[in-house]
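Both ligands and their constituent atoms are indexed starting at 1 by order of listing. Note that the structure is predicted; figures quoted are calculated from it, not measured.
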Amino acid sequence: MRSVDLGFEYKVVPARGGGAPFPLLLLHGTGGDESDLLPLGEALAPGAALLSPRGKVLENGMPRFFRRLAEGVFDLKDVEARAHELADFVQAARETHQLGDAKPIAVGFSNGANIAAAMLLLRPEVLGGAILFRAMVPIVPATSPDLRGVRVFVGAGRRDPIANPAQTDRLSGLLEQGGAEVTVHWVDAGHSLTAEDVAAAKAWLA
Ligand code: MLT
């Protein structure tokens with residue numbers, strides 16, 4: 001389907017009959033783009049509608065969803081502004097492309113998981129749930145969000161030097177504090193996504 005000007009470059013794939021009754025919001029990692037996660041979305045929920053924006057921040061030419069000052073050191077003002085900007089885009093795209101009544105489930109990897117986590121923490125009304133692969137704490141909100149009824153799968157690598165186990169624990173604690181139902185799935189891996197992550201997330205989603 002053609003994209004219209006909603007402030008982001010993005011791809012949208014309409015649902016096929018018999019597909020999942022909710023759209024997936026696909027959020028790529030640093031250096032990725034709107035095409036990257038389309039196969040992952042189709043693998044996780046065959047036939048679901050897919051909405052896949054490209055991050056608008058460029059770091060040495062590599063798209064991201066928010067600015068960072070160094071590896072793991074985030075520009076918090078930018079995180080906040082970009083989380084709201086992306087949340088507004090998601091709401092507009094749902095209407096424009098008639099993505100249905102069910103709120104999207106975000107599927108994010110690395111920087112994409114971090115902006116999805118920021119949206120959960122700052123705009124808890126926008127997502128129905130999220131699959132966060134290799135996520136960190138992007139921001140600590142001033143007030144705890146109301147995440148009751150929101151399901152979150154956190155796919156974490158035991159040997160991930162970036163989204164390390166302490167980050168995973170802090171993030172799941174923040175989400176649970178808001179009332180989210182959080183499932184953490186550990187794999188014996190580093191920062192890269194594995195087939196086991198995908199299989200576990202798919203089982204969780206089903
Ligand atoms: C990345 O490379 O994307 C980082 O590990 C996560 C981030 O900067 O958000």
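- Applying the 4.0 Å criterion to heavy atoms of Phe74 picks out, from ligand 1, the atoms 7 (C), 8 (O), 9 (O).
- In terms of protein heavy-atom proximity, atom 6 (C) of ligand 1 is nearest to Asn114 ND2, 3.3 Å.
- Using a 30° and 60° split on the angle between ring planes, Phe153 and Phe133 fall in the perpendicular class, above 60°.
- Proximity to Glu71 (heavy-atom distance under 4.0 Å) selects the following atoms of ligand 1: 4 (C), 5 (O).
- With a heavy-atom cut-off of 4.0 Å, Phe65 does not touch ligand 1 at all.
- Ring geometry, His28 versus Phe65: the interplanar angle falls from 30° to 60°, so the pair is classed tilted.
- Heavy-atom proximity to Phe66, at under 4.0 Å, picks out these atoms of ligand 1: 9 (O).
- Atoms CZ and CG, on Arg170 and Asn164 in that order, are 10.0 Å from each other to the nearest 0.5 Å.
- Only the side chain of Arg64 comes within contact range of ligand 1, with a heavy atom under 4.0 Å; no backbone atom does.
- Separating the CZ atom in Arg54 from the OH atom in Tyr10 is a distance of 13.0 Å, to the nearest 0.5 Å.
- At the shortest separation from atom 3 (O) of ligand 1 among protein heavy atoms lies Thr30 OG1, 2.6 Å.
- Results of the side-chain contact (heavy atoms from CB on, under 4.5 Å) test with Val154 over Asp169, Val182, Ile131 single out Val182 as the only residue that passes.
- Side-chain contact of Arg134 with Ser110: a donor-acceptor pair under 3.5 Å is absent, judged by distance alone.
- At least one heavy atom of Ser110 sits less than 4.0 Å from an atom of ligand 1.
- Of the heavy atoms in Asn111, both backbone and side-chain atoms come closer than 4.0 Å to ligand 1.
- Each of the atoms 5 (O) of ligand 1 lies under 4.0 Å from some heavy atom of Ile162.
- At most 12 non-hydrogen atoms from other residues, nucleotides or ligands lie less than 6.0 angstrom from CD of Glu9.
- Between Asp88 and Arg123 there is a salt bridge, with a side-chain nitrogen of the basic residue lying less than 4.0 Å from a carboxylate oxygen of the acidic one.
- Of all protein heavy atoms, the one lying nearest to atom 2 (O) of ligand 1 is Arg68 NH1, 3.2 Å.
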